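Since the model is a prediction, treat every value here as computed from it, not as a measurement.
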Amino acid sequence: MKKIILAIILLTTSIFSNAATYNLKVLVAFDTNSTNFTTTQMGNYSNNFVSYLNQYIVNSNLGSTIGFSLAYNAKIPVLPYPTWNYDQLKNYYLSNQTNRGQTPKTTLTSFQKYYNADVVIVVSNPHGSSTSACGSSYVPIKSHMDSSHATVGDLLEEPIYSIVFVTGQSICITNPKVVVHEVGHSFGLQHGQAVQNQYGGGHYVASEIISSGASGYADYTAPGTLLDYHTVMGVISPDEPGIHHPFFSNSSKFACGYPAVYKCGNNTANAVGIIQAFSNRYAKRSDFFYWKIN
């Protein structure tokens with residue numbers, strides 16, 4: 001996800017409903033090889049991440065379904081080589097995913113297992129990230145399915161999708177949309193057709209979508225005006241025009257654009273339905289299942 005500056009204000013106090021059916025435990029790992037935050041900073045950023053996630057969930061009317069709580073934050077060596085970019089970093093953890101019951105192969109996955117985390121937010125500064133990207137994540141797609149993952153639900157339980165990366169630059173780490181967007185990708189949500197049409201792609205391949213509706217929503221019918229808008233997943237570029245709506249796409253919601261009377265989703269962009277359907281699977285990622293390399 002590219003750098004994005006938000007002109008919105010979100011609450012930074014922790015928002016979490018104990019009434020949520022599924023509580024996803026969050027581990028925040030600050031890479032000792034590319035960042036240098038104080039204990040106070042780590043605590044503040046970690047609490048803010050959880051608050052951002054819960055705020056977008058509440059905004060999406062999903063507070064009774066799913067919530068996030070902080071399990072732990074720690075300084076952990078994550079980036080093996082300072083010259084590695086996000087793709088190299090993600091491939092490293094993909095290829096070192098641990099079989100269930102085995103000893104974890106990396107310090108990061110060891111911490112994930114110890115703290116029983118369903119979501120792992122890694123704060124690091126891979127090579128080039130300060131100028132090109134605010135975050136990155138694994139996106140579960142249909143071609144990842146195999147005999148061990150016969151259903152979408154089976155695939156979405158895999159702990160490799162727990163890991164999301166946020167660049168440790170101020171413009172990224174303090175931007176609510178960044179961490180929520182990357183966790184959304186980890187849930188199987190893509191950007192959406194409108195983003196594909198407007199910007200030429202970036203996490204949108206229609207044939208690979210895990211389930212109908214698993215994407216963000218955006219409307220670019222009037223470029224450069226306030227009629228242009230997008231939900232949290234319907235975004236890719238820092239200079240996209242229009243309004244950012246701090247919630248997930250919803251095919252039955254008409255509260256977007258300006259004035260806020262336009263649709264916030266459709267039959268191919270209904271992220272709230274996907275999150276509702278698979279929350280129980282996301283909550284099983286802490287069980288440390290095996291992810292098969294294709």
Taking the six-membered ring for Trp, are Tyr22 and Tyr282 ring centroids under 6.0 Å apart?
no

Could you tell me whether the side chain of [X] and the main chain of [Y] form a donor-acceptor pair under 3.5 Å?
X      : Y      : result
Asn125 : Gly168 : yes
Asn59  : Pro246 : yes
Lys75  : Phe37  : yes
Glu208 : Lys142 : yes
Ser110 : Thr106 : no
Ser95  : Tyr92  : yes
His185 : Leu189 : yes
His245 : Gly257 : yes
Lys90  : Ser137 : yes
Ser64  : Ala20  : no

Problem set entry | Test log, rule ring-ring contact (aromatic ring centres under 6.0 Å, His included), inputs His144 and His149 | CA-CA 8 Å; His144 290 171; His149 310 96; 9.3 Å; no

Contacts of Tyr72 meeting side chain to side chain contact (heavy atoms under 4.5 Å, CB included) (sequence neighbours excluded), chain-then-number -> Leu27, Ala74, Phe111, Tyr115

Side chain to side chain contact (heavy atoms under 4.5 Å, CB included) filter on Ser251, not counting sequence neighbours, yields Asn270

The salt bridge (charged side-chain N to carboxylate O under 4.0 Å, His left out) partners of Lys263 (sequence neighbours excluded) come to none

Return yes if a side-chain donor-acceptor contact under 3.5 Å exists between [X] and [Y], otherwise no.
X      : Y      : result
Ser162 : Gln112 : yes
Asn54  : Ser51  : no
Thr174 : Tyr45  : no
Asp31  : Ser34  : yes

**Item:** Asn116 atom CG: more than 12 heavy-atom contacts under 6.0 Å
**Value:** yes

query: Using the ring of each side chain (for Trp, its six-membered ring), is Tyr93 parallel, tilted or perpendicular to Phe165, with breaks at 30° and 60°?
result: tilted

Name the orientation class of the two ring planes belonging to Phe248 and Tyr56 (parallel below 30°, tilted from 30 to 60°, perpendicular beyond 60°).
-> perpendicular

Practice item. Answer yes when Arg285 and Asp118 have at least one side-chain N-carboxylate O distance shorter than 4.0 Å, and no when they do not. Key: no

Start with the C-alpha gap between Val164 and Val120, add the side-chain angles, then the distance that decides, and say whether side-chain contact (heavy atoms from CB on, under 4.5 Å) holds.
-> CA-CA 6 Å; Val164 303; Val120 180; over 6 Å; no

Heavy-atom closest pair (Tyr52 atom, Pro176 atom, distance to 0.1 Å) is CD1-CA, 3.6 Å

OG1 (Thr231) and NE2 (His181) are apart, to the nearest 0.5 Å, by 10.0 Å

